[in-house]
Structure formats: C-alpha cells, structure tokens
**Student:** 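Starting off with a structure, shown below.
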Protein chains: 2
Amino acid sequence: MATPLSPTTKGAKARTNWVTMEDVAIRAQVSKITVSRVLRAPEKVRAETRERVLAAVRDLGYVPDDAAGALTTRSSKIVAALISTLEGSTFASTVDGLSRNLRAAGYQLLLATTDYSPEREAEILSMLLRQRPDGLVMTSSHHTADALALLKRAQIPVVELWELPPKPIDSSVGFSNFGAGKAMTGFLLDRGYRRPAFIGPRAGIDGRVKSRSEGYAAVVSERAAFPPRIITAPEAVTSLTDGGASGLVTALERWPDTDCVFCSSDSVALGAISEARRRNLRVPEDIAVAGYGDFDLAGNSGLELTTVRIAGTEIGERAAELILQRMQGERPQHKSIDVGFEVVPRASA
Amino acid sequence: MATPLSPTTKGAKARTNWVTMEDVAIRAQVSKITVSRVLRAPEKVRAETRERVLAAVRDLGYVPDDAAGALTTRSSKIVAALISTLEGSTFASTVDGLSRNLRAAGYQLLLATTDYSPEREAEILSMLLRQRPDGLVMTSSHHTADALALLKRAQIPVVELWELPPKPIDSSVGFSNFGAGKAMTGFLLDRGYRRPAFIGPRAGIDGRVKSRSEGYAAVVSERAAFPPRIITAPEAVTSLTDGGASGLVTALERWPDTDCVFCSSDSVALGAISEARRRNLRVPEDIAVAGYGDFDLAGNSGLELTTVRIAGTEIGERAAELILQRMQGERPQHKSIDVGFEVVPRASA
DNA sequence: ATTGACAATGTTACCGGTAACATTAAGAAA
DNA sequence: TTTCTTAATGTTACCGGTAACATTGTCAAT
C-alpha cells in the first residue's frame, strides 16, 4: 500500500540532507562550475557574481564534499598516519603537531594504531588506502612485504617518523636511536658508573628500542671490560612500568654488581625506580637509573629522572611540512630531517 | 612540440596508478557490477565466477576506492573525532580504544584536536564535514552556535565523550564530573581533612573541570563551615604541572590553614607535590594532595597519588560500539552510557 | 564595420563506484 | 511444449564534484 519511494521527479529528489553545489548554483542563478570557481579560484569570477554565490553558500550552509571532488582532482586532502601506539604519550605529541600543521594547510589526519605489529600494519594499511590518502606517515620501521608492495603501488609520499632508517621507503623525520643509545651510555660511563645494564620491554617489539640497545652495546663493547647486559621483559609482562620493575630485579640477580640501568623509556625507568625504592635501594647511590623520552613528569615529579629528550612535537610538525611539500609536488631539499636528541642530566643517574 | 598528453584513447588512458574495478572486471572477464558483488555480497555470485574475480583482485592488487563508493552508498566509512588535546595522555587511551573498535568494523578514524577552543571547534568541524563522516565523536561539551548548526545539518550520529551532558546533542559516553568532584571531596572530608582547596588550570578552559570544581563546592558548602576555596592558575601558566605548583603556593598564601588540595588532574597534583617537597612540606602530613585521572604513574612512581580513576579506554570502546549501532540505524537501548569512576585511596591524601 | 583578444560564464564528459532495473539461462510446474 | 520462477549477470543512470573545451559579450585596434 505504501508508496515505495517518492518517484524520481527532477525537482523532488533530495534523498539526502546535504546541500549540494547545484543547490547553491540554482539559488545564485549561475551554473555549478561558477560556484566551484568562486570556491577555488575566486579571482576568475566577477566580484558581483562572486558575492551572490558566497551569499548563497552562507544562506544554505553549503559544505563542499571533498570526497566527490577528489574523484576528479585526485587529491583527497587526507593524510593517513600509522602510529604504533598512543598509550604512554610517546607519540601523542607527535600526532598533535602533525594534525595541527596539516589542518592549517587544509588536510585532515586519518589515524590508525598498529600496536607494534607489522602484520596488523599491512592489514590496516590496505584499509587506510581505501580512502586514497594523499600521503602517509608511519612510526614503525619494520614492514612486511605486503605492506611495502601496497606502499609502492600507492605512489604517495611516505614519511617515516622517530628514526632515520638506513634504507628509508621515501623520506623520514627523526633522529638516530643508535646514536642516542650511545650518547646516554657514554654519559653514564663518564659519570663514573662501571656496570650499566640496559632494560627494554618485550623482546623485539620495536626496532627503535633495538637500535638504542645496540648503541648501548656498542659503547660498552668499546669502553667497558664486560659484555653488554641487556634485559628484556618476559612475554607475560605487558605494562612498561612493570617491565622496568621486573627488569631491575633480573639485572640485579644476574649481575649483582650492576650499578646503573639505562631503560628503554621513561615509563620503564619509573618502574625500575619504584622497585628500587621498594627494596630500599637509594637512587642513584645504590643503583642509578636513566630513562628515555623526557616525558612531562621526568623533571617535575620529584623523580629527577636523567633521560634523553626527544622533540616529539617537532617531529610531527616537521613531518607535516615535509609531506605537504611532497604532496604539492615540490622536491624538498632534504628527504631526511634529523631533529636530534639531548641527554638531560638530572639526579637519578 | 611535445604532445600535450596522450590522446584519450579508450584503451590508453591510465593517468593514475590505481587499479580500478574496471581493470579487475576486464581481467576476470565480467562486468564491473559483478566485481562489486563479489566484494560486497559474494553469495550472489556463482562460486566459479567469484574465484576468477578474486584471483584478478589479488593479481592486480586492487584496493577499492571507498570515497568513490561513498558517493552512491552515502556512507564514507569514516568517523570523525574532535579531541580537546592529545597531550597529557588524558584522551590518548580513549582514542586508542575508539580507533581499534571502529577499525574492526571497517571504519576509519579522522582525528582533529581543538586545544579546548570552541571557536576552533566550529572551524575544524566544518573541515571535517567535508569528508562526510558517517559519525562524530567529541570530547568537548561547550559548542558555539555555528558548531551546533553544522551538526544539526549534518544529520549524523554524535557521541559526546568524558561527560554526561545534561542536554546532550545526541548521545554520550562518560561519567559525572560533578559526581566525581563530590565523591573525592567527600572522601577527603571523611579522611579527616578540614580545609580542602580545589586547584584547577586556567579559568574556564574546560567544562569538565568546572563540573568537578562544582562538585567540590557542593560538598564543601554542605558539610564544611567555610566557603569553597577554588584556585585557577593565571593565564600565563601553560603547563599543568606548573599550574599545580603555583596553585599550591596561592592556596597556602590565601588560606594558610589549608590542609589538603584536590587537583583537577594528576599532572596538576604532581606539580603540587613537587612544590610541597621543595618547601619541605610532608605529604600528606603537612599538606595532602589528591589528583584526578589515575594516569599510569599515579600508583607506580612512588608518588602514591590518591586520585579518581577514569576508564579512558573503556570510554573509547563503548563510544565505538554506540556509534556503530547508531550508524547502522539501530536504536540503541541507552543513548547515554555511564562508565562511572572510582576514588583510589593511596598515600598522598 | 570587422577582427582579435580577453574576460566571464556555460556545456559536456568523466572520475570510480553502486542502485535499480533489465536481460538471459536453466530448471520446475502446468 | 509452454509458462513461471529463480539464479546469475549485465546495462544504464547517477552520486557531487572538476577538467577541458565551448560560447558569449565587451572593447580596442585595424
């Protein structure tokens, strides 16, 4: 009995709520293309016409459909970001900087997290590519063959963040994790610690942590008289702070003369410090602790954590600049930007 | 002299790199629509044909263009998120949970941050809407008239996060900030503190903080014999921890008998504790400190911060569920989900 | 008056998918 | 055998924009 749908009469379609460019055109008594010009190249339209169109845009509350436009312009105005994790605040400020600067240029950020899994990365990547992003940023360094194939076919600018891969896919903004590991280890030896150990999270979860530990190992091999001492938390431990606590225990069991631990992140360091306190070990007199990242609380919390400062926000901002240049077809001067790092000496080591 | 462009011959266009559905169709010797069916309703296609199409998809590495499809289906498979900030880790876990659950259902997350500015919010919103998201989540509570008008016209499900607005735009997932403020204040009075003050960040930056302070004020008015003591950091102070430090100083100057401060966030509490230590005040004997948020470090860092725990990840996950239901046209049982909160007593208060 | 150049605007086709309807083939029911 | 039904696949038009080319009007130069 019910009429199936209002018959597709010319004048009475409107099965959607969105005001279209055609609606604007009719109201302003011009053609669609003129509306398009007013929005994208206003100088090509006579001032009077332009005003009429803009008034119609305002009156109707017209919001252009970028997805429709992208079909012909081949530019979605979307940048996709593949981030290892947002927990722990490591990458949060990078995403913030990225999103802010991209938006200023009219681009939007499509975000996905991989939980450090390269397999998931490939899968997520293919989902992201369905939106045809104009560019891609990613924090991971290790990619599956599938992922690389997808990236290659996509033919879009790619920026890898938070490290400077020896063989970048395309371009990168970061710093040398190896160098930072070396620098902190050297700093600790200079301070007079003789038996530093390295504490990381679950084995092999992250290439960057590996690089740091290699930096540590390089310096120890060169300047110290013992083999590198590297602890990774057992699979069962998921929290970074718990990993730090258990790592400290393991280190002291295995090598009782350990006088200093260099942790893969500030959160891990925090766990180590808590554990030290539980055992009535003084920091740094009985056991020194160094972290990595210089998160908010490293200096303010009474922790006085010696750590390595990374300019997370700057990485995001520079990445935005770089990828914007690349998307506009410019060939930037540098395909790799080194934002550096800084050893921050405080009281914990 | 140079040929302008390869003439648009039927067979030799390919001005883009992307494999299209038509390419797949040709290779599988079927029509486009059959390819479409294989991907979206496989049971409607004969097994043999289906295999041929899937093989072509694999061989060519076809990735569908969701933006093109959205034109007719009117579903972009995008959910937009307007987040106040990613710094400080408050909302990071919510975004993580949100993104994870949305992706599992084939939706992508388009992310933008507002820095707590309602004006920026409206502007950013109109940019986000250009991508025609199927749904929207937002952490802010206060919206400009422009923003509300845009939302209304967009006619998409909206979920407000981290609070339960008395007059929600659409639906919400959160908890009562007022209630949490009341609960913590009551807890502090029960513990025997007589003169609690409230320390917040810059005035009026965030409606949620305001609600908490009102909860505090309500309990103080009812149970204590003095007017509420609310400190807000001066405009110049940007960091939350600095605000906590300066807030403690102000509180003690203005009301020397203050024996306890309830801080608007854990970061603020951290600043207050640091300042107390600098002044050789014992926590909690000389001055007790309570926080809000229960971030990672509240319990693990030796801070032993008494605080209010909020299930940030759960908010994100539930929000994803809720908005997915709404986008699929279901009418969920509850338009508001209260995830609650929990006062976590530790040593600092 | 004619022509050319340019400014302002319009027409047509197409981007890559999908909805709606059309067609074809094969088997079941009459 | 004829007709109906259903399964499998195809055709056409359209979604909301933009590129490319076409048209019209205006004015200066010939």
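These figures come from a predicted structure and were not determined experimentally. Reminder, nothing fancy here: chain letters follow the sequence lines and each chain counts from 1.
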**Student:** Can you pull out how bent the helix from C/dA1-D/dT30 to C/dA30-D/dT1 is, comparing the axes over its first five and last five pairs, to 10°?
**Tutor:**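 It comes to 60° between the two terminal axes.
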
**Student:** Which residues, if any, of residues 122-131 of chain A bring a heavy atom under 4.0 Å of DNA chain D?
**Tutor:**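 When residues 122-131 of chain A is checked for heavy atoms under 4.0 Å from DNA chain D, there are no hits whatsoever.
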
**Student:** Short of 4.0 Å, heavy atom to strand atom, which residues of residues 28-36 of chain A count as contacting DNA chain C?
**Tutor:**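 Of all residues in residues 28-36 of chain A, the ones placing a heavy atom under 4.0 Å from DNA chain C are A/Val30, A/Ser31, A/Ile33, A/Thr34.
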
**Student:** Specify the separation, in whole Å, of atom CD of B/Glu22 and atom P of D/dT12.
**Tutor:**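 One finds 14 Å between P of D/dT12 and CD of B/Glu22, rounded.
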
**Student:** Rounding to an integer number of Å, can you tell me how far A/Trp18 CH2 sits from D/dG16 P?
**Tutor:**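 These atoms are roughly 12 Å apart.
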
**Student:** Salt bridge between A/Asp134 and A/Arg74, side-chain N to carboxylate O under 4.0 Å?
**Tutor:**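 A/Arg74 and A/Asp134: not salt-bridged.
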
**Student:** Quick one: do B/Leu128 and B/Ile124 satisfy side chain to side chain contact (heavy atoms under 4.5 Å, CB included)? Show the steps, please.
**Tutor:** CA-CA 6 Å; B/Leu128 289 173; B/Ile124 295 172; 4.1 Å; yes

**Student:** With side chain to side chain contact (heavy atoms under 4.5 Å, CB included) as the criterion, how do B/Asp96 and A/Glu87 come out once you've worked through the C-alpha distance, each side chain's angles and the decisive distance to 0.1 Å?
**Tutor:** CA-CA 7 Å; B/Asp96 231 353; A/Glu87 311 269 7; 3.2 Å; yes

**Student:** Given the rule in the side chain to side chain contact (heavy atoms under 4.5 Å, CB included) test, do B/Tyr107 and B/Met327 qualify, once you have shown the distances and angles that lead to the verdict?
**Tutor:** CA-CA 11 Å; B/Tyr107 284 80; B/Met327 289 186 306; 3.5 Å; yes

**Student:** Atom NZ of A/Lys44 to atom P of D/dA20: distance rounded to whole Å?
**Tutor:**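 A/Lys44 atom NZ is separated from D/dA20 atom P by 11 Å.
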
**Student:** Could you give the side-chain donor-acceptor pairs of residues 62-69 of chain B under 3.5 Å, partners two or more places apart or in another chain?
**Tutor:**
from    : atom 1 : to       : atom 2 : distance (Å)
B/Asp65 : OD1    : B/Ala67  : N      : 2.9
B/Asp65 : OD1    : B/Ala68  : N      : 3.0
B/Asp66 : OD1    : A/Arg130 : NE     : 3.1
B/Asp66 : OD1    : A/Arg130 : NH2    : 3.1
B/Asp66 : OD2    : A/Arg130 : NE     : 3.3

**Student:** Below 4.0 angstrom from OP1 or OP2 of D/dG17, is there any side-chain N or O of A/Arg74?
**Tutor:**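 No.
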
**Student:** If I take atom CD1 in residue B/Ile26 and atom P in nucleotide D/dG10, what distance separates them, rounded to the nearest angstrom?
**Tutor:**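 It works out to 13 Å between those atoms.
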
**Student:** Can you check the A/Arg46 CZ to C/dA8 C1' distance for me, whole Å?
**Tutor:**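 From A/Arg46 CZ to C/dA8 C1': 7 Å.
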
**Student:** Expressed in angstrom and rounded to an integer, what is the separation of B/Lys77 atom NZ from C/dG16 atom C1'?
**Tutor:**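 The answer, rounded to whole Å, is 17 Å.
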
**Student:** Mind calculating the distance between CG (A/Leu71) and P (C/dT18) to the nearest angstrom?
**Tutor:**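 So the CG-P distance, A/Leu71 to C/dT18, works out to 12 Å.
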
**Student:** Within residues 47-66 of chain B, which residues have any heavy atom lying less than 4.0 Å from an atom of DNA chain D?
**Tutor:**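 Heavy-atom cutoff 4.0 Å gives B/Thr49.
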
**Student:** Which atoms of nucleotides 22-27 of chain D (N or O only) lie under 3.5 Å from a protein N or O atom, and what are those distances?
**Tutor:**
none

